[in-house]
**Student:** 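Provided herewith is a single structure, encoded as structure tokens, for subsequent inquiry.
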Amino acid sequence: MMNPSMLRSLHSAVSRRSSHLARRGYATEPVPERKVAILGAAGGIGQPLSLLMKLNPLVSSLSLYDIGGTPGVAADVSHINTRSQVVGYQGEEQLGKALEGADVVIIPAGVPRKPGMTRDDLFNINAGIVKSLAAAIAKYSPHALVNMISNPVNSTVPIAAEIFKKAGTYDEKRLFGVTTLDVVRAKTFYAGKAKVPVAAVNVPVVGGHAGITILPLFSQATPQANLDDDVIQALTKRTQDGGTEVVEAKAGKGSATLSMAYAGALFADACLKGLNGVPDVVECSFVQSNVTELPFFASKVRLGRNGVEEVFGLGALSDYEKQGLENLKAELKSSIEKGIKFANQ
């Protein structure tokens, strides 16, 4: 149980961060009204994500949707004394209302990984869920920035793209696979080995969002540390296997929900800043891309008023990273094609 002084410290820290974010983004301009919808808000990722988005001062309206349990989650977070108004929506008949007028739609819906499951094992369940949610987004909030968290992201992003194309609403600048957790992990693990403050660390992570398709570019990490090749290889493997590390540690009782919610909130915040015209907002994301021969690829993107303003190339790679890039392409291509095929069958 937190004591009252700890609670006061936490609240003042959040308030300071909120006012700092608002000041830093806007100077004297009023903060625009922004609606964020979370689809899957009652789940393991959805609940902490709902809490974190309620703390974000850029959100004026927070719409929480799930097939069940959302009235309780909405009632709970609505008592928090921050800017956004919260409404919970439950069941498919309320999905349209949840989505109407949304600027950003975040999708953590679906089932989590369990021990022994690959991201492909999740495919048949989550692919169907994403397909129906994407159809609703095309109908009710076709201009929203869509943040896809539901795994396998390497397939669910192409599924959503195909559904939007069929509806005539597809805009490649507005669809994002959220790979931020790979970046968060790479930063954390790198800082530990390089013995530098983690807040100052940046590590681009490119490719996809599963296993060997995750390629952290530690050669481009800042601040630069001269780590041995075997350390870099171990860091790469740990970043790629980060999800499995958590699944095994939770021993059948869940997957990476809390760190994923944090990463999802970070990426949504970047999207909101971009929409509001904050300059030079750059994050890694899995998007439609010409960076490689693959139709979708994660790399650094600049976010702005239209979503993706610029997709950056990979920059200079080490020999180890060049090999990793070649090694990931076949698996990533297969996952993308699997999503496209599912959407069109």
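Owing to the predicted nature of the structure, the values given are computational and were not obtained by experimental measurement. The first residue of the sequence shown is numbered 1, and numbering continues consecutively from there.
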**Student:** Does either side chain, that of Thr257 or that of Lys250, offer a donor lying less than 3.5 Å from an acceptor on the other one?
**Tutor:** yes

**Student:** If we check side-chain contact (heavy atoms from CB on, under 4.5 Å) with Val59, which of these qualifies: Arg83, Met53, Lys54, Glu33?
**Tutor:** Met53

**Student:** More than 12 non-hydrogen atoms from neighbouring residues, nucleotides or ligands closer than 6.0 Å to NZ on Lys193, yes or no?
**Tutor:** no

**Student:** Would a distance-only check, ignoring hydrogens and angles, find a side-chain to backbone donor-acceptor pair under 3.5 Å from Ser155 to Ser335?
**Tutor:**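 Yes, because the side chain of Ser155 sits within donor-acceptor range (under 3.5 Å) of the backbone of Ser335.
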
**Student:** Please check if the side chain of Ser285 supplies one atom and the backbone of Phe176 the other of a donor-acceptor pair under 3.5 Å.
**Tutor:** no

**Student:** If you round to the nearest 0.5 Å, how far is OG1 of Thr70 from CD of Gln90?
**Tutor:** 4.5 Å

**Student:** Between Ser289 (side chain) and Phe296 (backbone), is there a donor-acceptor pair under 3.5 Å?
**Tutor:** no

**Student:** Grab the two heavy atoms, one from Val203 and one from Leu217, that are nearest each other, plus how far apart they are.
**Tutor:**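 Residues Val203 and Leu217, closest heavy atoms: CG1-O, 4.1 Å.
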
**Student:** Taking Ser150 for its side chain and Ala109 for its backbone only, find out whether a donor-acceptor pair lies under 3.5 Å.
**Tutor:**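 Confirmed, Ser150 side chain pairs with Ala109 backbone.
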
**Student:** When you group the ILVMFWY residues by side-chain heavy-atom contacts below 4.5 Å and let the links chain together, are Val206 and Val291 in the same group?
**Tutor:**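 Yes, Val291 connects to Val206 through the hydrophobic network.
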
**Student:** Working to the nearest 0.5 angstrom, can you tell me the gap between Leu133 CG and Ile159 CD1?
**Tutor:** 11.0 Å

**Student:** Check the hydrophobic clustering (I, L, V, M, F, W, Y; side-chain heavy atoms under 4.5 Å; chains of links allowed) and say if Ile125 and Val157 are grouped together.
**Tutor:** yes

**Student:** What are the two closest non-hydrogen atoms of Glu321 and Leu317, and how far apart are they?
**Tutor:** OE1-CA, 3.5 Å

**Student:** Looking at Leu145 and Lys173, what are the two nearest heavy atoms and their distance?
**Tutor:**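 Closest heavy-atom pair between Leu145 and Lys173: CD2-O, 4.4 Å.
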
**Student:** According to salt bridge (Lys or Arg N to Asp or Glu O under 4.0 Å), who are the partners of Glu172, at least two apart in sequence or on a separate chain?
**Tutor:** none

**Student:** Leu328, Tyr320: one ILVMFWY side-chain cluster at the under-4.5 Å cut-off?
**Tutor:** no

**Student:** Once you round to the nearest 0.5 Å, how far does CD1 of Ile38 lie from CD1 of Ile45?
**Tutor:**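 So the gap between those two atoms works out to 11.0 Å.
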
**Student:** Heavy atoms, side chains only, cut-off 4.5 Å: are Ser299 and Val311 in contact?
**Tutor:** yes

**Student:** What pair of heavy atoms forms the shortest contact from Arg305 to Glu309, and how long is it?
**Tutor:** N-OE2, 3.1 Å

**Student:** Report, as yes or no, whether the 6.0 Å neighbourhood of atom CG on Leu227 holds more than 12 heavy atoms from other residues, nucleotides or ligands.
**Tutor:** yes

**Student:** Can Lys165 and Glu162 be counted as an ion pair, charged N to O under 4.0 angstrom?
**Tutor:** yes

**Student:** Is it true that atom OH of Tyr170 has more than 12 heavy atoms of other residues, nucleotides or ligands lying nearer than 6.0 Å?
**Tutor:**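 Counting other residues, nucleotides and ligands, OH of Tyr170 exceeds 12 neighbours.
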
**Student:** Donor-acceptor pair, Asp182 side chain versus Val205 backbone, under 3.5 Å?
**Tutor:**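 Such a contact is absent between Asp182 side chain and Val205 backbone.
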
**Student:** Would you say Lys35's side chain and Ala98's backbone share a donor-acceptor pair under 3.5 angstrom?
**Tutor:**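 Present.
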
**Student:** Are side-chain heavy atoms of Val105 and Leu39 found at a separation under 4.5 Å?
**Tutor:** yes

**Student:** Please check this pair: side chain of Asn276 against backbone of Val278, looking for a donor-acceptor N/O pair closer than 3.5 Å.
**Tutor:**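 The answer is no, because no donor-acceptor pair under 3.5 Å joins these two groups.
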
**Student:** Counting distance only, does the side-chain N/O of Asn154 pair as donor-acceptor with the main-chain N or O of His209 below 3.5 Å?
**Tutor:**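 Yes, Asn154 side chain to His209 backbone: donor-acceptor pair under 3.5 Å.
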
**Student:** Answer yes or no: is there a donor N or O on one side and an acceptor on the other, between the side chain of Asp228 and the main chain of Asp230, under 3.5 Å?
**Tutor:** no

**Student:** Parallel, tilted or perpendicular, judged at 30° and 60°: which one describes the rings of Phe123 and Phe342?
**Tutor:** perpendicular

**Student:** Would you say the side chain of Val31 lies within less than 4.5 Å of the side chain of Pro57, judging by non-hydrogen atoms?
**Tutor:** no

**Student:** Look at Lys333 together with Glu293 and state whether they make a salt bridge at an N to O cut-off of under 4.0 Å.
**Tutor:** no

**Student:** Between Val281 and Val308, is there shared hydrophobic-cluster membership here, with clusters defined by ILVMFWY side-chain heavy atoms closer than 4.5 Å?
**Tutor:**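 Cluster IDs for Val281 and Val308 match.
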
**Student:** Between Arg185 and Val246, is any pair of side-chain heavy atoms under 4.5 Å apart?
**Tutor:**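 Arg185 reaches Val246 side chain to side chain.
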
**Student:** Tell me whether Val87 shares a hydrophobic cluster with Leu51, the cluster being built from Ile, Leu, Val, Met, Phe, Trp, Tyr side chains joined at under 4.5 Å.
**Tutor:** yes

**Student:** Please check: side-chain N/O of Gln220 versus main-chain N/O of Leu314, any donor-acceptor pairing under 3.5 Å?
**Tutor:** yes

